[in-house]
Amino acid sequence: MTAESFERAPHADSAASYAGAGVDIEAGDRAVELMKEWVRKTRRPEVLGGLGGFAGLFDASALKRYERPLLASATDGVGTKVDLARRLGVYDTIGHDLVGMVVDDIVVCGAEPLFMTDYICVGKVHPERVAAIVKGIAEGCVLAGCALVGGETAEHPGLLGEDDFDVAGAGTGVVEADRLLGPDRIRTGDTVIAMASSGLHSNGYSLVRHVLLDRAGMALEAHVEEFSRTLGEELLEPTKIYSLDCLALTRTAEVHAFSHVTGGGLANNLARVVPDGLHAVVDRSTWTPGPVFDLVGKAGRVERLELEKTLNMGVGMIAIVPEASADVALTLLADRGVDAWVAGEITERGDHTTGAALTGEYAS
C-alpha cells in the first residue's frame, strides 16, 4: 500500500485523534480527581508524595527496625465477579474483594501488608464509576492496614465494551525472617482453626454464574428467602479481609501457619502449607456452610467434591497453632468479631493420605 492510497482511503479527509479512537483523556483526569480523597484515607506515615506521580513512594527506612526483613509480594484479581458488579451497577464493593485476595495471601507467611497498587481496565472511562471502584479498594486497604500508593486506569475501546471492566492489584508486605510462618513450623498434634468466610468471596464465580444465572435462570434482582436479600446482593457480598486479625493472632499466640482459602477450595489450599510426612484432617461436622453453597449445589446438581474444590464452603482462612495455643487464639478472634472454631488437627501422614482432607458430614 502506498502513501497515495492512504490519502484516498475512506475518512482520509478528517484528522485522526486519540479521542476519535475512543480514549477520553479528560475523563481519565476527572476520575483521578474523584478518587483522590479515598486514596488519602489509606495513607501510612511511610508514604511519600501524593497521587499523580509516576511511581508511589514508600520510605523503606521504616524497615530498619527489622533484624532481617523479608519482603512478601502477591498479585491477584477478582475474576468474573466483576461481571455481576457490572450487571447490577454496583461498583464500590468489588475493591474489597481485590484487596482481600492480595493482602490475605501476603499475611499467610506472617507478613504485614505495607502497600498496594491497582490496575483498572475499562472499555470506556466513566469517572464516577472508576472512582467508586477505587473507593472500594481504598476502604479495603484501610481494613487491611495498608496504603494504596498508586495505580493505573486504562481505557481499551474496541477490545472491551463501554461498560466492561476488570481489576487487578499487587501488594507488598514485610516479615522478620525468624518469624516467617509456614510448613517448617507445623508439628503433629497442632490444631487447625477455621475462620468463617463472608460468603463466596471471589472464587468460583464462573461456576456460580453458569449454574444460577444460565442454567437455573435466576434473576439477580430476585429476593431469595434463605438469604433475606436479593441474589445479587448475596453474590456481591465482599470478601472478608483477615490480615489485621491474623497479625493480631501472631502477636498474642503462637502460630505455625496460615492458609488462605481461595481457588481450589479448603483442602487444596491447606495442603499447600502442610509439610511432607504430615496430614491435616478437617472435620466437616464442625460447621455448616452458608445457604449460598447449598443453592449452587442443588441448582446445578454439582457434586460435593466439585463444590469443595471450587468454593470455600464457608471457611476463608485457616490458622494452624499448637494445641496449647488454641484457646488463646479462639478467644482473641472472638474478641475481634471473627467467627472461628477448632476444625481439625495435624496428624502423621499415612500411606494413602494427601496433605489435607475433609472428613465427616457438614452440620445441619
Side-chain angles (χ1 to χ4, degrees), residues 66-76 100-113 171-195 197 201 203 242-284 286 308-309 312-313 315-330 332-333 338 340-359:
Y66 291 83
E67 291 291 327
R68 185 188 168 200
L70 302 179
L71 294 180
S73 179
T75 186
D76 211 335
M101 290 295 100
V102 173
V103 300
D104 287 338
D105 276 356
I106 290 173
V107 82
V108 160
C109 66
E112 175 192 1
T172 299
V174 63
V175 60
E176 190 70 75
D178 64 5
R179 296 186 64 82
L180 183 69
L181 304 181
D184 291 346
R185 293 179 177 264
I186 296 177
R187 300 289 182 268
T188 302
D190 280 354
T191 297
V192 175
I193 292 177
M195 302 180 213
S197 69
H201 285 186
N203 298 106
Y242 301 92
S243 57
L244 291 182
D245 302 312
C246 290
L247 291 173
L249 195 56
T250 63
R251 292 191 291 265
T252 304
E254 183 179 352
V255 179
H256 288 167
F258 290 114
S259 176
H260 187 198
V261 183
T262 56
L266 196 163
N268 286 340
N269 282 284
L270 183 53
R272 295 167 65 180
V273 299
V274 177
D276 290 341
L278 297 184
H279 178 60
V281 182
V282 175
D283 185 357
R284 294 185 185 93
T286 59
E308 291 179 341
K309 72 179 185 181
N312 66 58
M313 301 305 291
V315 177
M317 181 69 77
I318 290 286
I320 299 176
V321 305
E323 184 179 10
S325 297
D327 287 343
V328 173
L330 290 172
L332 178 134
L333 291 171
V338 179
W341 62 95
V342 172
E345 64 176 340
I346 302 297
T347 66
E348 296 287 343
R349 185 179 296 192
D351 292 339
H352 303 290
T353 56
T354 57
L358 304 181
T359 64

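Keep in mind that what you see is a predicted model, and the values were worked out from it rather than measured.
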Side chain of [X], backbone of [Y]: donor and acceptor closer than 3.5 Å?
X: R185; Y: V321; answer: no
X: S259; Y: I318; answer: no
X: E67; Y: E176; answer: no
X: D190; Y: I186; answer: no
X: H201; Y: N312; answer: no
X: D283; Y: A343; answer: no

Any idea which heavy atoms bring [X] and [Y] closest together, and the distance?
X: M195; Y: A319; result: CE-CB, 3.9 Å
X: L247; Y: A111; result: CD2-O, 3.7 Å
X: A74; Y: I106; result: CB-CG1, 3.7 Å
X: V174; Y: P69; result: CG2-CB, 3.8 Å
X: E323; Y: G189; result: CB-O, 3.8 Å

[X] side, atom [atom1]; [Y] side, atom [atom2] - distance, nearest 0.5 Å:
X: D178; Y: R68; atom1: CG; atom2: CZ; value: 9.5 Å
X: M313; Y: S197; atom1: CE; atom2: OG; value: 9.5 Å
X: D76; Y: T262; atom1: CG; atom2: OG1; value: 7.0 Å
X: L332; Y: L249; atom1: CG; atom2: CG; value: 6.0 Å
X: L70; Y: R179; atom1: CG; atom2: CZ; value: 12.5 Å

Answer whether the closest heavy-atom distance between the side chains of [X] and [Y] falls below 4.5 Å.
X: M101; Y: H260; result: yes
X: E112; Y: V107; result: no
X: I320; Y: T191; result: no
X: H279; Y: T347; result: yes
X: L333; Y: I193; result: yes
X: F258; Y: T250; result: yes
X: W341; Y: V192; result: no

I would like to know whether T286 and V342 meet side-chain contact (heavy atoms from CB on, under 4.5 Å); could you show each step before the answer? CA-CA 7 Å; T286 59; V342 172; over 6 Å; no
Does a side-chain N-to-carboxylate-O contact under 4.0 Å join E308 and R284?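 The answer is yes: the pair qualifies as a salt bridge.
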Within the 3.5 Å criterion, strictly below it, is a donor on E348 or T188 matched to an acceptor on the partner's side chain?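 Per modelled atom types, E348 and T188 side chains form a pair under 3.5 Å.
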Partner set under side-chain contact (heavy atoms from CB on, under 4.5 Å) for A356, not counting sequence neighbours: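 With sequence neighbours excluded, A356 shows a side-chain contact (heavy atoms from CB on, under 4.5 Å) to L270, A271, A280, given in chain and number order.
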Looking at residues at least two apart in the chain, or sitting in another chain, which of them share a side-chain contact (heavy atoms from CB on, under 4.5 Å) with E254?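 E254 satisfies side-chain contact (heavy atoms from CB on, under 4.5 Å) with H256, P322, S325 only.
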Check against side-chain contact (heavy atoms from CB on, under 4.5 Å), L181 and V108: CA-CA 7 Å; L181 304 181; V108 160; over 6 Å; no
